[in-house]
Amino acid sequence: MTRSNDPKPGLGEEGDDGELVAACRNGDPDAFGVLVRRHQKTMLNLVYRMVGDFEEACEVVQDTFLAAHRGLAGFRGEARFSTWLAAIALNQARNRLVRLKSRRRNEAFSLDAPIATAQGPVFPDPPSQAPGPLELLERQALRTRVEGCVQALPAAFREVLVLRDLQERTYEEICVLLKVREGTVKSRLSRAREGVRDCLKHARGGL
Amino acid sequence: MSCRPYRELISGLLDGALTPAERERLQEHLGQCPACRESLEELRLTLERIKALGPVEPPPWLAEKILARVRAQPPVAGRRLLPLALRPVLLAACLLLVCLTGYRLMRVSGPPSSQAATAQPAPPVAPPPVLTAGQTPFTPPPPGRRRAAKDLATLPPVASFTPEEPPQAPGAGTLGVQGQAGAPSKTLVLGSRAGVPAAPSAARSQALGMRAEEDGAAARTARALAFRLAPRDPQRARAQVEVALRGAGATLLTAPTPDRAVLSARVPSAALPALLRQLETLGTLQGPRPDPAAPMAEEVVVVLAW
């Protein structure tokens, strides 16, 4: 049986996922490895945009797959495997955020971190050690600002923005994932985009 | 004019998620509202910025680390060792095994109770009786066994048991079941519960609810004979009785208790006269003396008290 380790978008992927899940349940030691390699990137991006820290995100992704492996027996195929997995990842990310929030409260002030003000976060000058042309520096600065503004959103709005604008999931899937109605998804998405816009407008460098 | 109702529509427009009617309504508003047109452009730019973030690549070690942690997990009971598809089959096999074992145990178990004999004419199985008052309390059979007995109780009656008259001596009362000393039915109880058929195939037929043939039914059905022994040497009576029974090729059905003993055994009919003669050497034996000319089953159940 040949199995692709790369993510395969489209319906065929889900068909393969179902077979792999069944193989895992029947004790196939390789099947779960294929699932991990197929979905790790999507899960990492989802978690990274939620948590905002790459190393933390890697740990959350590990925990996500461990939880999924333990819970495979309870996966009944009512949702797609990727949706089920994303729901686990979101839960793990939320839990990690709670812990990080309390930890960061006690951390020393970071020169690179955005400064929270009444008008939104203000970003200090980007690190000067990055070499390269000015354009690259400015692009990196803009990227940092956008990331900071996404991170500055409340989690309930951030997760909708990440799922829709970065992961390009459908409204229906987001409804299933978050267990909210479509009207709620649209409302949160609108407010999340406006939040990032307002944040960027107030940050140094502007929109 | 309030722009609030159009905020979500602007976001929806960027997604291409508007219905034609919503789109038309928004376009009409945008034509009249410069602030919303500006907002639309700002949000379009914001969305570009967000999408430009792009994906991050997982580190090469991530998958291996995940799988190493998965392998280090303790296996969940029953998941890896037992494939899901096989579980119902194995469960059914276990249940069948339990039922068969219970049925076999019931067939070789001790004599039945008076309740079983009177209320249910011939259930082939029942819990072992408490033979005398004040002795070991009744121990209910395991659930599987009780259930089997209940099922079998619904079967049609089998060939009836014809007991010998119990000995009329006062001591015969020790054969009472559950403290009902002296009840005339007690010997009947013991015998009917024993109900040992002459051949295993007959028992199987009875258990399956098949009607026993009328002719020769008495000959195929075991009889129970109750005796009371007043031993000359009470201290050694138990051992002597056991030796005598074993010498006659008997199969012990219940073990004697230390103080007052009641013992039942299946004895080949041919060995019965010799057994009775040997028991008479141990003391005074009260009980029926079967007629050698009468038709007998291959085995009889002897219930002996002393």
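For the numbers below, each heavy atom of this structure counts, side chains included, while hydrogens, waters and symmetry mates do not. Chain identifiers are assigned alphabetically (A, B, ...) following the order of the sequence lines, protein sequences preceding nucleic acid strands; residue numbering begins at 1 within each chain. Fair warning: this is a prediction, and the values are worked out from it, not measured in the lab.
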Whether the side chain of A:Arg164 engages the backbone of A:Arg169 through a donor-acceptor N/O pair (distance < 3.5 Å, no angle test) should be reported. yes
From the list A:Met43, A:Gln40, A:Arg139, the residue making the most non-hydrogen contacts under 4.5 Å with chain B is A:Gln40
Note: vs chain A, highest number of non-hydrogen pairs under 4.5 angstrom among B:Lys65, B:Glu57, B:Arg69 is B:Arg69
For the pair A:Lys186 and B:Asp15, find out whether any cationic side-chain nitrogen is under 4.0 Å from an anionic carboxylate oxygen. no
I'd like to know which of A:Leu142, A:Leu161, A:Val61, A:Thr64 tops the heavy-atom pair count under 4.5 Å against chain B. A:Leu142
A:Leu46 side, atom CG; A:Leu90 side, atom CG - distance, nearest 0.5 Å: 4.5 Å
Taking side chain as everything from C-beta outward and backbone as N, CA, C, O, which of these in A:Arg49 sits under 4.5 Å from a heavy atom of chain B? Side chain, backbone, both or neither. side chain
Examine whether an atom of A:Glu194 lies under 4.5 Å from a heavy atom of chain B, and if so say whether it belongs to the side chain, the backbone or both; otherwise answer neither. both
Is A:Leu189 close to chain B through its backbone or its side chain, or both, or neither, when contacts mean heavy atoms under 4.5 Å? both
Using a 3.5 Å distance criterion without hydrogens, assess whether the side chain of B:Glu22 forms a donor-acceptor pair with backbone atoms of B:Thr19. yes
What part of B:Leu67 gets closer than 4.5 Å to chain A, counting heavy atoms only: side chain, backbone, both or neither? side chain
Sort B:Glu64 into side chain, backbone, both or neither according to what part of it lies under 4.5 angstrom from a heavy atom of chain A. side chain
So for A:Val36, is it side chain, backbone, both, or neither that comes closer than 4.5 Å to the heavy atoms of chain B? side chain
Thinking salt bridges, do A:Arg143 and A:Glu147 make one under a 4.0 Å N-O criterion? yes
Roughly how far, to the nearest 0.5 Å, is the CZ atom of A:Arg191 from the CG atom of A:Asp198? 11.5 Å
Is it the backbone or the side chain of B:Leu53 that comes under 4.5 Å from a heavy atom of chain A, or both, or neither? both
Top residue by heavy-atom pair count (under 4.5 Å) with chain B, among A:Leu200, A:Val150, A:Asp63? A:Asp63
Assess, by modelled atom type and distance only, whether the side chains of A:Tyr48 and A:Asp53 contain a donor and an acceptor separated by less than 3.5 Å. no
For the residue pair A:Phe75 and A:Phe81, categorise the inter-ring angle as parallel (less than 30°), tilted (30 to 60°) or perpendicular (more than 60°). perpendicular
